[in-house]
Amino acid sequence: MSSPVQGLIDIYLQELKMPGFKKAYPELIRESESNNRTYLDFLAACLTEEIRSRKENRLRTMLANARFPSTKTIDEFDFTNVPSIAKPQVLTLTQGDFIKKRENIICLGNSGTGKTHLATAIGINAIKEGFKVRFIPIVTLMQELLLANSEYRLPKYLKSWRNFDLIIMDELGYVGLGPSGPLLFQFCAEMYEKTSLIITTNLDFSRWAEVFADPVLTGALLDRLTHHSHILLFEGESYRFKQRSQNN
């Protein structure tokens, strides 16, 4: 292929926004000439690279938008350290059917047992399945809810969250909610049967009233969250404590 023609093709592919095709086709030309492939085979290979490139870019963008604090995988999770968690159940959840059904997951257990790890891993797998996911610590969510309410834009703020298929709310119970308790209730009520939630918490359900400081509100919240829910009980030794003990 002459250089002017290749330059023209590069311009066209840039105009068409096909970077995967543009990057791959020079090498695919050489491979096609060496292996006597047909024009159709060459075109199919170029389009395959374009589709692969778009999928990779989309995945990268969705992972960035999810705002995970770190990348975690199911393979990295030590199920032997938390025998109360059934691996087959978790693997089923990673397929994302619970999101299609607008169901929730509550990860409940002591600090350091891997709740955030598993929630993140399920969220990352959900993105790979094409779902829009957002991770947010409860403390951050509380601050944003209070700010939106004070600026009279709470309805708009709540509506913006319905763009996600799955919301991971991390570390409920580490701090009291105070005046943001009713706002968090409103948040969960807004998502009810519209968006799936994963909530990690170190508190048994009987102690949630300590955080919300309102038994009636707590009961109503639990009723909504557990209506369509998978409860994962993390009963085991803290990973961080175990690692410190091994290092000493």
Side-chain angles (χ1 to χ4, degrees), residues 63 66-94 98 103-127 133-146 166-181 183-185 187-188 191 196-215 217-219 221-222 224-226 229-248:
L63 285 171
R67 304 184 188 180
F68 292 112
S70 60
T71 301
K72 300 293 183 180
T73 68
I74 297 296
D75 292 337
E76 295 170 338
F77 186 81
D78 185 4
F79 285 91
T80 61
N81 192 65
V82 193
S84 58
I85 301 297
K87 187 174 182 178
Q89 180 187 13
V90 172
L91 293 178
T92 299
L93 292 172
T94 61
F98 79 96
E103 296 173 344
N104 303 318
I105 299 175
I106 299 178
C107 300
L108 192 156
N110 294 331
S111 176
T113 50
K115 300 184 298 297
T116 300
H117 180 140
L118 210 56
T120 299
I122 292 172
I124 289 174
N125 274 277
I127 288 176
V133 179
R134 174 70 195 282
F135 179 103
I136 187 167
I138 289 288
V139 172
T140 303
L141 180 58
M142 289 164 48
Q143 294 169 344
E144 293 185 3
L145 284 166
L146 286 169
L166 172 64
I167 300 169
I168 301 173
M169 302 162 60
D170 193 39
E171 296 188 340
L172 174 68
Y174 287 87
V175 294
L177 298 179
S180 64
L183 294 176
L184 186 61
F185 171 82
F187 179 91
C188 294
M191 302 305 128
S196 291
L197 303 176
I198 297 181
I199 298 177
T200 72
T201 179
N202 63 333
L203 295 180
D204 292 335
F205 292 136
S206 61
R207 296 185 59 195
W208 279 33
E210 299 174 15
V211 178
F212 286 91
D214 186 330
L217 191 68
T218 303
L221 177 63
L222 284 172
R224 283 168 171 79
L225 291 178
T226 60
S229 186
H230 303 267
I231 311 296
L232 301 182
L233 297 177
F234 288 71
E235 298 174 346
E237 185 180 2
S238 167
Y239 282 111
R240 292 184 285 273
F241 179 81
K242 187 176 181 181
Q243 288 175 348
R244 284 196 298 269
S245 299
Q246 291 173 345
N247 293 332
N248 291 333

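The first residue of the sequence shown is numbered 1, and numbering continues consecutively from there.
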Given the options I124, V90, L93, I74 meets side-chain contact (heavy atoms from CB on, under 4.5 Å) only with V90

Closest non-hydrogen atom pair, [X] against [Y]:
X	Y	answer
A209	P215	CB-CA, 4.4 Å
L203	T201	N-OG1, 3.1 Å
C188	L197	SG-CD1, 4.3 Å

Are any non-hydrogen side-chain atoms of [X] and [Y] less than 4.5 angstrom apart?
X	Y	result
S196	M191	no
I85	K87	no
K115	N110	no
F68	I168	yes
L232	I105	yes
D170	F135	yes
I231	S229	yes
M169	L141	yes

For the side chain of T120 and the backbone of T116, is there at least one donor-acceptor N/O pair under 3.5 Å apart? yes

Between W208 (side chain) and L222 (backbone), is there a donor-acceptor pair under 3.5 Å? no

Going by side chain to side chain contact (heavy atoms under 4.5 Å, CB included), name the residues that satisfy it together with T92, two or more places apart in sequence or in a different chain. none

Just to verify, what does A126 make a side chain to side chain contact (heavy atoms under 4.5 Å, CB included) with, not counting sequence neighbours? I99, F131, V133, L166

Take T226 and F205, measure what side-chain contact (heavy atoms from CB on, under 4.5 Å) needs, and give me the verdict at the end. CA-CA 10 Å; T226 60; F205 292 136; 4.3 Å; yes

Go through F77 and F79 one step at a time and tell me if the ring pair (Phe, Tyr, Trp, His ring centres under 6.0 Å) criterion holds. CA-CA 6 Å; F77 186 81; F79 285 91; 4.8 Å; yes

Please round to the nearest 0.5 Å and tell me the distance separating atom [atom1] of [X] and atom [atom2] of [Y].
X	Y	atom1	atom2	answer
F234	L118	CZ	CG	4.5 Å
N104	C107	CG	SG	11.0 Å
I138	F187	CD1	CZ	8.0 Å
T73	I122	OG1	CD1	12.0 Å
E235	L108	CD	CG	9.0 Å
N202	S111	CG	OG	7.0 Å

May I ask you to check whether D78 and T80 show a side-chain donor-acceptor distance below 3.5 Å? yes

With R207, which residues qualify under salt bridge (Lys or Arg N to Asp or Glu O under 4.0 Å), at least two apart? E210

